[in-house]
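Have a look at the structure below before the remarks.
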Amino acid sequence: MSSTFEPEAIRRDFPILAKSFRGKPLAYLDNAATAQKPDAVIDAIASYYRESNANVHRGIYALAEEAEVAYHDARKLVARHLNVDQEEIVFVRGTTEALNLVAQTYARENLSEGDVVLLTAMEHHANVVPWQMVTERTGAVIKVAPIDDRGCIDLDALWALLDANPVKLLSLTHVSNSLGTINPVSEIVSEARKRGVVTVVDGAQSAPHGPIDLKALGCDFFAFSGHKLFGPMGIGVLFGRKELLAEMPPYHGGGDMIDEVTFEKTTFAEPPQRFEAGTPNVAGAIGLGAAVEYFRGLDLDAVAAHEQSLHDQAQAGLESLPGVTIHGKAPDKAAVLSFSLEGIHPADVATFLDSQGIAVRAGHHCCQPLMEILGVPATVRASFAFYNLPEEVNRLVDTVRKTIDCFK
Ligand code: PMP
């Protein structure tokens, strides 16, 4: 692993970045969809399967113990990274499963007719649909805090919604995957908690960009996906405050989540095991532990500065072109840049970029309600990670320029 922050050197930790597509070197600018994996993660997974594979929780032989220790060590690494206790870390498949878990356990148990679940206008479908599913069953209702023209949550409107309604739960994204807005989550959480509102933070897009201190953030639940944090797919984390997890019924039933089972009745294990029914994704957890370690080993201030500079370079370059609209101009932004070109469909832009080996995403980014507010069916989204280079941003801007010329 690289010890100091030099993007060129860091790229060598990520074998996929050396590939070419369409005869051009890959410029991977779709990091908000999933991030690439360093050798440290790939090797940790391979080494688990080569040397330590056994089912956890069930074996009394040495190999099973080794697997079990590695699985729980991964939980410790994640807990330390988030500055919480390991009992507060539930391994899940990803952010989507984490949010569904909270909706179908905590919320289903605690919401009643007329209670309000408060969301914001920039939520990913993963932070909308689970709440619709649970409010339909409980008679609770969803209200949505609006955003302004820059793509920031309208805080006055949010406070008013908090005051005027029997809000039970507020669930919001830390960083918008479509607009890049970094929301003032600790301020919002603190206002919500003053009013006795339980808070859920979707950290899918914030976890890959810097340290996360959940003690400082103060939220009740926090969710993120391993694959966006340079770890494997199929593993993610739900943090839940101890007191809340302790009260919650299980999500899935089965092996490993029980205390005692008879045909008449089952008593359940303590958290986090209560929420981890069945054989867990041991290799995934170990890969995530390796990803967290890799990420913590970087100079995260330098990472933030580098990503910000790539973002600013891309924004300035794109804004210098005719007919470009940037969606999302919050003062506090992660390195996510959504844009549209007048008269050119986002899918055509992405296809042009792909012809030059540049990977971006075109679509609604699982934010259809937000797209409706923006008045567009889709956007093109370039999203950067610490291993991206200014040359890649130049290629992005040049190819967008050529696309505009082509459609003239
Ligand atoms: N929330 C946000 C803000 C996201 O960007 C994503 C992934 N695009 C998700 C939730 C869902 O994450 P996953 O698909 O890994 O469960």
Side-chain angles (χ1 to χ4, degrees), residues 28-37 41 78 90-104 119-133 144-145 147 151-153 170-183 185 188 199-210 212 217 219 221-239 251 275 281 284-285 287-288 291-292 307 327-328 330 332-338 359-371 374 378-385:
Y28 186 74
L29 306 181
D30 195 18
N31 294 285
T34 198
Q36 298 303 346
K37 323 302 175 199
V41 168
V78 171
V90 181
F91 282 128
V92 289
R93 279 188 295 152
T95 309
T96 303
E97 187 171 57
L99 295 170
N100 275 279
L101 193 162
V102 179
Q104 291 302 327
L119 307 176
T120 83
M122 64 176 81
E123 298 310 319
H124 186 282
H125 297 165
N127 200 24
V128 176
V129 183
W131 305 116
Q132 286 173 341
M133 288 164 67
V144 180
I147 56 172
C152 299
I153 297 173
L170 165 66
S171 189
L172 83 163
T173 194
H174 197 169
V175 169
S176 160
N177 67 311
S178 294
L179 302 171
T181 312
I182 302 174
N183 289 318
V185 165
I188 293 173
T199 51
V200 183
V201 174
D202 171 351
Q205 296 294 342
S206 57
H209 295 293
I212 300 283
L217 212 57
C219 56
F221 295 101
F222 184 91
F224 74 90
S225 302
H227 70 95
K228 295 186 201 273
L229 182 60
F230 315 97
M233 291 189 173
I235 187 79
V237 167
L238 171 68
F239 155 81
Y251 181 36
F275 304 104
N281 183 355
L288 176 57
V292 164
E307 290 181 358
H327 302 286
D332 211 6
K333 269 193 74 179
V336 172
L337 197 58
S338 260
V360 297
R361 189 144 297 245
H364 52 62
H365 318 299
C366 296
C367 289
Q368 284 182 342
L370 173 64
M371 294 297 130
L374 298 176
T379 72
V380 185
R381 183 187 69 187
S383 50
F384 307 99

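Both counts, for ligands and for their atoms, begin at 1 and track the order of listing.
Between the side chains of Thr379 and His365, at least one donor N or O lies within less than 3.5 Å of an accepting N or O.
In this structure, Ser176 contributes its side chain and Ser178 its backbone to a donor-acceptor pair below 3.5 Å. At distances below 3.5 Å, not a single donor-acceptor pair connects side-chain atoms of Lys37 with backbone N or O atoms of Phe230. A donor-acceptor pair is defined here as one N or O able to donate and one able to accept, closer than 3.5 Å; no such pair exists between the side chain of Glu307 and the backbone of Ala334. A donor-acceptor pair under 3.5 Å is absent between the side-chain atoms of Ser225 and the main chain of His227, judged by distance alone.
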Could you give the N/O to N/O pairs under 3.5 Å linking ligand 1 and the protein, each with its distance?
residue  : atom   : partner : partner atom : Å
ligand 1 : 1 (N)  : Asp202  : OD1          : 3.3
ligand 1 : 1 (N)  : Asp202  : OD2          : 2.5
ligand 1 : 5 (O)  : Gln205  : NE2          : 2.7
ligand 1 : 8 (N)  : His124  : NE2          : 3.2
ligand 1 : 8 (N)  : Lys228  : NZ           : 2.8
ligand 1 : 15 (O) : Ser225  : OG           : 2.6
ligand 1 : 15 (O) : His227  : NE2          : 2.7
ligand 1 : 16 (O) : Thr95   : N            : 3.4
ligand 1 : 16 (O) : Thr96   : N            : 2.9
ligand 1 : 16 (O) : Thr96   : OG1          : 2.5

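Ring geometry for His174 versus Phe222: interplanar angle over 60°, hence perpendicular rather than tilted (30 to 60°).
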